[in-house]
Amino acid sequence: MDCIFCKIVKGEIPSPRVYEDDDFIVIRDIAPQAKYHYLAIPKKHFADVTEMADEDVLLVGRIFKKIGEIADSLGLSGGFRLVSNKGADAMQSVPHLHIHILGGEKMSDKMC
Ligand code: AMP
């Protein structure tokens with residue numbers, strides 16, 4: 001499958017991981033839109049939230065919980081924003097579900 005995030009997960013495209021477990025990796029976004037901008041990427045490929053299988057509910061739940069647990073170590077003790085884009089209107093550019101983790105500074109009161 002020609003998916004850039006699958007290639008990063010497999011190590012075929014080098015990208016330092018700031019966190020990894022059996023479920024997902026966290027990398028730094030190459031085009032940061034906040035002081036700290038990470039991507040939480042499940043190791044399992046599915047395009048977006050509309051393609052989640054029933055068992056993925058638990059996977060994504062574990063990822064959200066773990067993000068909360070590691071947030072301080074990522075420099076996000078002041079708070080953070082989680083965003084997951086789906087489709088053209090949301091400007092999703094990589095069709096492998098991922099969660100943007102943004103923070104390290106005061107965010108805009110707009111959504112993104
Ligand atoms: P989205 O537009 O929601 O699909 O988000 C995709 C994100 O992936 C964008 O913020 C890109 O900057 C980021 N991105 C694309 N390629 C890479 C890469 N090789 N390493 C890190 N981030 C990437």
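Just follow the structure's listing: the first ligand is 1, and inside any ligand the first atom is 1.
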Taking the ring centre of each residue, are Tyr19 and Phe24 less than 6.0 Å apart?
yes
Part of Tyr38 within contact of ligand 1 (heavy atoms, under 4.0 Å):
neither
Polar atom proximity, Ser15 to ligand 1 (N or O, under 3.5 Å):
no
Atom indices of ligand 1, in the order listed, that fall short of 4.0 Å to a heavy atom of Ala31:
12 (O)
Roughly how far, to the nearest 0.5 Å, is the CD1 atom of Ile101 from the OH atom of Tyr36?
14.0 Å
Go through ligand 1 atom by atom and flag the ones less than 4.0 Å from a non-hydrogen atom of Phe5.
8 (O)
Is there a nitrogen or oxygen of Met91 sitting under 3.5 Å from a nitrogen or oxygen of ligand 1?
yes
Answer yes or no: is there a donor N or O on one side and an acceptor on the other, between the side chain of Arg17 and the main chain of Val9, under 3.5 Å?
yes
Please give me the minimum heavy-atom distance between Gln92 and His98, naming the atom from each residue.
NE2-CE1, 4.5 Å
Take Leu102 and Phe80 through the side-chain contact (heavy atoms from CB on, under 4.5 Å) test and state the conclusion after the steps.
CA-CA 5 Å; Leu102 302 132; Phe80 52 91; over 6 Å; no
Within-shell test, His100 vs ligand 1, heavy atom, strictly < 4.0 Å
yes
Nearest to atom 5 (O) of ligand 1, what protein heavy atom do you find, and at what distance?
His98 NE2, 2.9 Å
Go through the steps to decide whether His96 and Phe46 satisfy the test ring-ring contact (aromatic ring centres under 6.0 Å, His included), and finish with yes or no.
CA-CA 5 Å; His96 177 132; Phe46 46 103; 7.2 Å; no
Is there a polar contact between ligand 1 and Ile30, counting only N or O atoms under 3.5 Å apart?
yes
Shortest protein contact, atom 19 (N) of ligand 1 (heavy atom only):
Ile8 CD1, 3.7 Å
Could you tell me the residue and atom name of the protein heavy atom closest to atom 12 (O) of ligand 1, and the distance to it rounded to 0.1 Å?
Asp29 OD1, 2.5 Å
For Gln92, atoms of ligand 1 separated by under 4.0 Å from a heavy atom
2 (O), 4 (O)
Does Lys44 pair with Asp56 as a salt bridge, N-O distance under 4.0 Å?
yes
Under-4.0 Å salt bridge between Asp2 and Lys7
yes
Report yes or no: does Val83 have a heavy atom closer than 4.0 Å to ligand 1?
no
Tell me whether Met52 shares a hydrophobic cluster with Ile41, the cluster being built from Ile, Leu, Val, Met, Phe, Trp, Tyr side chains joined at under 4.5 Å.
no
Using non-hydrogen atoms of the residue, decide whether Ile13 is closer than 4.0 angstrom to ligand 1.
no
Taking N or O atoms only and a 3.5 Å limit, does Asn85 qualify as a polar contact for ligand 1?
yes
Show the atoms of ligand 1 that are less than 4.0 angstrom away from any heavy atom in Leu39.
8 (O), 13 (C), 22 (N)
So which heavy atom in the protein is nearest atom 2 (O) of ligand 1, and how far is it from that ligand atom?
Ser93 OG, 2.8 Å
For Ser84 and Ile99, indicate whether the former's side chain and the latter's backbone hold a donor-acceptor pair under 3.5 Å.
no
Considering distance alone, does some N or O of Ile4 sit under 3.5 Å from an N or O of ligand 1?
no
Minimum-distance pair of heavy atoms, taken over all atoms of Lys43 and Ile25
CE-CG2, 4.0 Å
